[in-house]
Asker: 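Encoded as C-alpha cells, here's the structure I'll be asking about.
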Amino acid sequence: MLIEAGNQRSVMSLARDVGVIILGTLLLAISAKVVVPFYPVPMTTQTLVVLCLGLFLGPVRAGAPVAVYLFEGLMGLPVFAGTPPAVAGPAYLLGPTGGYLIGFLLCAVVSGFVAQRLSGTRPVSGAFLAVLSGSIAIYMPGLAWLGSFLGYDEKLLAAGLYPFVSGDVTKAAIACVLFMIFRDSHVMRRIR
C-alpha cells in the first residue's frame, strides 16, 4: 500500500516536472518571437521568461526547460528569434547571439540558486539580487562571444549591451513584481 502511494506520488511529480519543462520551452519560444529588431542581437522578451523561471523554480527546475529549449533549437526547430527565415540549428548557436543563448541557461540556474539561497531574507531583496545575478550571467557569455565577431572595444558595448540595459532593467523589475505577487499563491505551491 505504501509502495503504491509512493509510486503514485513519483508519477505525479514526474508529470508535473515534464509539464513545467514543456510550458517553459513554449514560453521561451513564444517570447523569442516578440522581437524588437536590432543587429546583430535582437531584443526579445526571453530575459523576462528566464528570470521568472529562476525566481519561481530554483536552479535545477529552471535550468531544465532552458536546456531543452536550447536542444530544440540545436536540433533545428524554429524556436529562436528570427527563425524562420533564419535557419536554426548548430549554425545559429555558433552565430553572434550564441553566447546570450548560453547565458539564458546560466541565468536560469544562477537566479534560481540566488533566489533559493536568499529565500529566508526579505523577498524583495532576494528577488532583486537574483535577477541582478541572472542578468550578469546572461551578459558575460553573451558579450564574450559577441566580441569574437565584433572585437572587444566600444563597438561591442554599443551592439551588445547599451541598447538592452533599459529594457532588461524593466524586465527584471517585472519579474520581481510577478514574483512578489505570485510567490505564495496556491498555484506556485503546487508547481514547487
Asker: So which heavy atom on Ala62 is nearest to which on Pro65, and how close?
Answerer: O-CD, 3.3 Å
Asker: Where do Met12 and Asp17 land on the side chain to side chain contact (heavy atoms under 4.5 Å, CB included) test, with the steps shown first?
Answerer: CA-CA 9 Å; Met12 294 298 289; Asp17 289 344; over 6 Å; no
Asker: Indicate if Ile181 and Leu48 have the same hydrophobic cluster label, given that clusters are the connected sets of ILVMFWY residues with side-chain heavy-atom separations under 4.5 angstrom.
Answerer: yes
Asker: Is any side-chain heavy atom of Val177 less than 4.5 Å from a side-chain heavy atom of Met180?
Answerer: no
Asker: So, taking the atom named CG in Asp168 and the one named CD1 in Ile138, what distance separates them when rounded to the nearest 0.5 Å?
Answerer: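 Output value for this atom pair is 6.5 Å.
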Asker: Will you find, in the side chains of Ser166 and Lys171, an N or O donor that is under 3.5 Å from an N or O acceptor?
Answerer: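 Judged by distance alone, the side chains do not pair up.
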Asker: Measuring only between side-chain heavy atoms, which start at C-beta, is Pro40 closer than 4.5 Å to Leu146?
Answerer: yes
Asker: Ignoring hydrogens, what is the shortest heavy-atom contact between Ala159 and Leu150? Give both atom names and the distance.
Answerer: CB-CD1, 3.5 Å
Asker: Which atom names give the shortest non-hydrogen contact between Pro78 and Pro84, and what distance separates them?
Answerer: CB-CD, 3.7 Å
Asker: Test your reading of the model: is there a side-chain donor-acceptor pair from Trp145 to the backbone of Leu101, 3.5 Å cut-off?
Answerer: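 It does not hold such a pair.
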Asker: Hey, could you give me the CZ/CG distance between Arg183 and Leu55, rounded to the nearest 0.5 Å?
Answerer: 11.5 Å
Asker: Quick one: which of Thr44, Val49, Thr45 gives a side chain to side chain contact (heavy atoms under 4.5 Å, CB included) with Val34?
Answerer: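 Between Val34 and the candidates, side chain to side chain contact (heavy atoms under 4.5 Å, CB included) is satisfied uniquely by Thr45.
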Asker: Do Ile174 and Leu132 land in one hydrophobic cluster if side-chain heavy atoms of ILVMFWY residues count as linked below 4.5 Å?
Answerer: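 No; Leu132 is not reachable from Ile174 via cluster members.
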Asker: From Leu118 CG over to Ser125 OG, what is the distance, rounded to the nearest 0.5 angstrom?
Answerer: 8.5 Å
Asker: First locate atom CD1 of Ile21, then atom CZ of Arg16, and finally report the distance between them rounded to the nearest 0.5 Å.
Answerer: 11.5 Å
Asker: So Phe164 and Val41, do their side chains get closer than 4.5 Å, heavy atoms only?
Answerer: yes
Asker: Are Phe71 and Ile30 joined in one hydrophobic group, where the rule is that I, L, V, M, F, W and Y side chains link up if heavy atoms are under 4.5 Å apart?
Answerer: no
Asker: Could you check whether any side-chain heavy atom of Cys176 comes within less than 4.5 Å of a side-chain heavy atom of Val131, counting everything from C-beta outward?
Answerer: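 SC-SC contact between Cys176 and Val131 confirmed.
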Asker: Grouping I, L, V, M, F, W and Y whenever their side-chain heavy atoms are under 4.5 Å apart, do Tyr69 and Leu77 come out in a common cluster?
Answerer: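 Looking at the clustering, Leu77 is in the same group as Tyr69.
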Asker: Show me the pairs that pass ring pair (Phe, Tyr, Trp, His ring centres under 6.0 Å) and involve residues 92-142, at least two apart or across chains.
Answerer: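 As it turns out, the ring pair (Phe, Tyr, Trp, His ring centres under 6.0 Å) pairs with a partner in residues 92-142, which skip direct neighbours, are Phe80-Tyr92.
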Asker: Let me know which of Leu28, Thr25, Leu105 forms a side chain to side chain contact (heavy atoms under 4.5 Å, CB included) with Leu70.
Answerer: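 Per the side chain to side chain contact (heavy atoms under 4.5 Å, CB included) rule, the option paired with Leu70 is Leu105, out of Leu28, Thr25, Leu105.
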Asker: Check whether more than 12 heavy atoms from other residues, nucleotides or ligands sit under 6.0 Å from atom CE of Met43, and answer yes or no.
Answerer: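 For Met43, atom CE is crowded (more than 12 foreign heavy atoms under 6.0 Å).
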Asker: About how many Å separate CG of Leu94 and OG of Ser148, when rounded to the nearest 0.5 Å?
Answerer: 10.0 Å
Asker: Step through the shown structure and confirm whether more than 12 heavy atoms of other residues, nucleotides or ligands are within 6.0 Å of OH on Tyr152.
Answerer: yes
Asker: Sequence neighbours left out, what passes side-chain hydrogen bond (donor to acceptor under 3.5 Å, both in side chains) with Ser135? Give chain and number order.
Answerer: none
Asker: If Ile, Leu, Val, Met, Phe, Trp and Tyr residues are connected whenever their side-chain heavy atoms lie under 4.5 Å apart, and connections chain through other members, are Leu129 and Val169 in the same group?
Answerer: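 No, Leu129 and Val169 fall in different hydrophobic clusters.
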Asker: Say you draw a straight line from CE of Met140 to CD1 of Ile102; how long is it, rounded to the nearest 0.5 Å?
Answerer: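 Between atom CE of Met140 and atom CD1 of Ile102 there are 14.5 Å.
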Asker: Please identify each residue that fulfils side-chain contact (heavy atoms from CB on, under 4.5 Å) with Leu106, with sequence neighbours left out.
Answerer: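 Testing Leu106 for side-chain contact (heavy atoms from CB on, under 4.5 Å), a comparison that skips the adjacent residues, returns Ala137, Pro141.
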Asker: Minimum heavy-atom separation for Val66 to Ala108, with atom names?
Answerer: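 Residues Val66 and Ala108, closest heavy atoms: CG2-CB, 3.8 Å.
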Asker: Find out whether Leu178 and Cys52 are in side-chain contact, i.e. whether some heavy atom of one side chain is under 4.5 Å from a heavy atom of the other.
Answerer: yes
Asker: What are the two closest heavy atoms between Ser111 and Gly54, and how far apart are they?
Answerer: OG-CA, 3.4 Å
Asker: Where do Val109 and Gly63 come nearest, in terms of heavy atoms and distance?
Answerer: CG2-CA, 4.1 Å
Asker: Are the side chains of Thr97 and Pro42 in touch, meaning some heavy atoms are under 4.5 Å apart?
Answerer: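 Yes, at least one pair of side-chain atoms sits under 4.5 Å.
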